Amino acid sequence: MPGPRRFYVTTPIYYVNDRPHIGHLYTTTLADVLARHHRHLGEETFFLTGTDEHAAKVVDSAAERGLSPEEWAARNAAEFQRAFARFGISNDDFIRTSEARHVERVTRYVAALLESGDVYSGDYEGWYDPGQEEYVPEGRAREWEYRSPVNGRPLVRRRERNYFFRLSAWRDALLDLIDARPDFVLPEARRNEVVGRLREGLLDVPISRCHEEAEPRWGIPMPGDPSHVIYVWIDALFNYLSAVDTEERRPFWPPSVHLIAKDILWFHAVIWPAMLLALRGCPGFDWVELPERVYAHSFWISEGQKMSKSLGNFVDLERLEGYASRFGLDALRFFLVTQGPLGTHDADFAEARFRHVYTAELANTLGNCANRVAHMTRRYLAGRAAAPEASCPAAAGLEEAAARAVEEAFRALEALAPDRACGAALELARAVNAAIEETRPFALARDPERRGEVGTILYRCAEALRIAALLLAPVMPERMAELLRRFGAAEAAERIRARERGDLRAWCRWGGLAPGTPLETGPALFPREEDA
Ligand code: MSP
């Protein structure tokens with residue numbers, strides 16, 4: 001019998017020089033939602049995030065503070081780790097590129113590429129963007145009027161003796177790959193962008209820098225030539241492989257999805273797969289398959305404006321912490337996931353919007369619905385789920401609505417659309433509210449003859465809500481685990497809280513709520529702002 005399916009999800013590893021902000025938290029939360037969903041499904045799941053530490057600017061910022069690069073990097077990496085723990089991120093590992101396990105493996109990968117001729121030494125002269133630490137092809141440099149599109153500073157002309165990766169050799173293979181696997185680069189508009197640029201042609205890329213430029217030496221030495229260090233981007237991309245390149249973890253390879261934003265698409269959709277194709281041809285690396293998907297979302301902006309250092313308007317951790325303590329961490333996660341820049345449009349982080357979503361979706365729809373069902377069950381049924389009467393037509397449509405929601409949510413999560421999965425679950429909660437309005441159990445309850453009907457209606461409502469809670473659990477693990485606990489699904493609640501593998505398909509089956517189970521009331525799951 002084949003073992004459980006495996007799911008391996010990654011985030012970019014973040015520059016250790018920056019302070020964590022909404023952009024970092026967003027991608028990491030999306031990865032977290034996918035990881036949790038796949039764990040709930042019972043799959044072997046591996047969720048990787050971490051920090052990218054060998055950028056040259058780390059040396060300068062460390063020096064400005066009188067620290068060594070190691071100390072500065074360690075301090076900031078710890079900051080990312082603390083932030084992710086605080087925001088409920090369930091990563092299975094956190095890789096730092098300065099760790100020996102990474103350095104040792106990258107050295108091995110690059111040595112293999114040198115050996116095979118995929119990496120060679122040569123001279124290079126071109127336009128260089130110091131802020132991004134990358135060379136820009138002539139055509140682009142001209143188009144950008146010789147300024148960095150990121151920070152507006154001039155590009156500089158630079159010449160160096162370097163090690164190059166033979167990227168140009170992989171153009172056709174990459175075009176074929178993207179053609180054969182339409183899911184490889186997502187969303188579709190991003191795939192078209194990549195294809196367009198590939199058709200323009202590919203240059204070989206320098207993958208080392210002379211280390212005298214950055215004293216003290218910071219980076220992974222080029223194998224066989226300690227006067228060079230491996231270019232930070234090459235070093236960084238290999239994190240996805242190095243982290244799982246152990247006896248025990250190798251079965252997780254290849255990644256099911258690399259989540260990134262559009263800013264680093266080229267590296268992930270072109271340079272990375274080309275490096276892997278090259279490595280795969282080296283002895284001992286034939287197991288190195290290509291990742292299944294690269295998904296590039298768009299950008300958060302803040303109150304209608306692009307976030308930038310000069311404007312100082314990053315939605316930073318303090319601000320996010322403020323929302324989490326006022327509305328609850330799960331509400332913040334729900335907002336990020338449902339209102340964020342999935343797809344190709346940027347999204348605005350605006351307080352008014354947050355309030356609106358919180359009140360309409362969480363307090364008035366989901367929270368209110370759970371509250372009503374639990375309270376009516378207490379009042380009319382002594383707090384226990386009744387045995388539903390199959391012949392009773394009232395609220396019978398909820399069973400089918402729940403089945404539809406499950407199917408839609410599962411499909412959406414497979415398609416990397418957790419926003420749509422939330423939409424399906426909320427739709428189900430709205431169907432419960434509508435069923436209550438329509439069947440009026442609170443009115444029927446006055447007639448002792450109709451208790452059976454009331455029991456049936458409330459059973460169906462509770463069952464639909466229990467299922468909605470399961471679908472929302474990857475996004476709002478704490479609140480949904482609490483709802484599940486109150487609605488008689490203690491085991492699922494426990495496993496969700498503990499981040500353990502579950503049995504989501506079975507949990508979502510209609511009828512999981514056993515008649516006679518006590519349903520608990522409790523404090524509002526999403527208190528209205530004025531009550532909070
Ligand atoms: N270190 C490189 C990545 C190496 S991966 C092998 C890097 N780091 S970064 O710190 O700049 O992080 C970039 C990533 O942060 C983006 O791809 C995205 O995941 C996230 N975001 C940064 N700003 C963002 C927004 N304004 N909005 C959404 N996400 C963005 O690049």
Side-chain angles (χ1 to χ4, degrees), residues 9-32 34 48-58 61 73 76-77 79-80 83-84 89 94-98 102 106 109 129 131-134 148 150-151 190 207 219-220 230-243 255 257-273 275-276 291 294-309 311 313-317 319-320 335-337 339-350 416:
V9 58
T10 70
T11 73
I13 49 172
Y14 303 109
Y15 282 131
V16 79
N17 228 22
D18 290 339
R19 293 182 46 83
H21 61 66
I22 187 173
H24 311 129
L25 184 64
Y26 176 65
T27 314
T28 313
T29 300
L30 289 179
D32 184 65
L34 297 180
L48 180 69
T49 187
T51 40
D52 182 357
E53 308 195 353
H54 288 137
K57 50 196 168 194
V58 169
S61 344
N76 288 353
E79 178 114 358
F80 273 94
F84 290 163
I89 303 299
F94 187 99
I95 189 161
R96 300 182 50 202
T97 53
S98 60
H102 177 74
V106 171
Y109 306 148
D129 181 342
Q132 298 305 103
E133 304 197 20
E134 66 175 314
S148 164
V150 178
N151 59 22
R190 300 284 172 230
I207 62 149
I220 303 180
I230 296 168
Y231 174 45
V232 61
W233 259 105
I234 301 302
D235 162 355
L237 286 164
F238 273 128
N239 91 87
Y240 304 128
L241 182 61
S242 73
V257 56
H258 290 308
L259 289 180
I260 57 168
K262 58 186 179 181
D263 53 339
I264 55 177
L265 179 62
W266 186 252
F267 286 103
H268 284 81
V270 173
I271 298 181
W272 176 228
M275 279 161 48
L276 289 172
V294 174
Y295 183 96
H297 60 72
S298 297
F299 263 33
W300 280 101
I301 60 172
S302 167
E303 305 286 348
Q305 279 190 308
K306 188 174 169 189
M307 295 187 289
S308 72
K309 289 218 172 88
L311 289 171
N313 62 341
F314 277 98
V315 179
D316 58 15
L317 287 188
R319 183 126 170 254
L320 293 165
F335 180 80
L336 292 177
V337 169
Q339 309 297 309
L342 281 166
T344 48
H345 292 291
D346 289 349
D348 191 15
F349 193 95
L416 310 175

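In this text the structure is predicted, and so the values were computed from the model without any measurement. In listed order, ligands and their atoms are each counted from 1.
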Check whether any N or O atom of [X], backbone or side chain, sits under 3.5 Å from an N or O atom of ligand 1, and answer yes or no.
| X | result |
| --- | --- |
| Asp263 | yes |
| Tyr26 | no |
| Leu237 | no |
| Asp52 | yes |
| Thr27 | yes |
| Trp300 | yes |
| Ile13 | yes |

Measure centre to centre between the rings of Phe94 and Phe80, then say whether the value is under 6.0 Å.
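Ring-ring flag for Phe94/Phe80: false, centres at least 6.0 Å apart.
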
Centroid-to-centroid, Tyr240 to His258, below 6.0 Å?
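Between His258 and Tyr240, which both carry aromatic rings, the centre distance is below 6.0 Å.
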
With atoms numbered from 1 as shown, which atoms in ligand 1 lie under 4.0 angstrom from a non-hydrogen atom of [X]?
| X | value |
| --- | --- |
| Met307 | 26 (N) |
| His24 | 10 (O), 15 (O) |
| Ala236 | 6 (C) |
| His21 | 22 (C), 23 (N) |
| Ser298 | 28 (C) |
| His297 | 28 (C), 29 (N) |

Phe238 and Tyr109 aromatic ring geometry - parallel, tilted or perpendicular at 30°/60° bounds:
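Ring orientation of Tyr109 relative to Phe238: tilted.
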
Hey, is [X] touching ligand 1 through its side chain, its backbone, both or neither, going by heavy atoms under 4.0 Å?
| X | result |
| --- | --- |
| Phe267 | neither |
| Ala55 | neither |
| Ile22 | neither |

Taking all heavy atoms of Leu336 and all of Tyr26, pick out the closest pair and write down the distance.
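Reported closest heavy-atom pair: O-CE1, 3.2 Å.
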
Kindly give the heavy-atom pair with the smallest separation between Ala83 and Leu317, and that separation in Å.
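Ala83 and Leu317 have their closest heavy atoms at CB-CD1, 3.5 Å.
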
Can you report which non-hydrogen protein atom sits closest to atom 24 (C) of ligand 1, along with the distance?
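For this ligand atom, the closest protein heavy atom is Gly23 CA, 3.5 Å.
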
Could you grab the distance from atom OH of Tyr231 to atom CG of Leu237, nearest 0.5 Å is fine?
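Going from the OH atom of Tyr231 to the CG atom of Leu237 covers 9.5 Å.
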
Please report the interatomic distance OH(Tyr14) to CD(Glu53), rounded to the nearest 0.5 Å.
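Reported to 0.5 Å precision, the distance equals 14.5 Å.
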
Start with the C-alpha gap between Arg190 and Ser298, add the side-chain angles, then the distance that decides, and say whether side chain to side chain contact (heavy atoms under 4.5 Å, CB included) holds.
CA-CA 10 Å; Arg190 300 284 172 230; Ser298 297; 3.3 Å; yes

Ion pair Lys306/Asp348, N-O distance below 4.0 Å:
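Asp348 and Lys306: not salt-bridged.
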
One pair to check against salt bridge (charged side-chain N to carboxylate O under 4.0 Å, His left out): Lys309 and Asp18. What are the steps and the verdict?
CA-CA 10 Å; Lys309 289 218 172 88; Asp18 290 339; 3.5 Å; yes

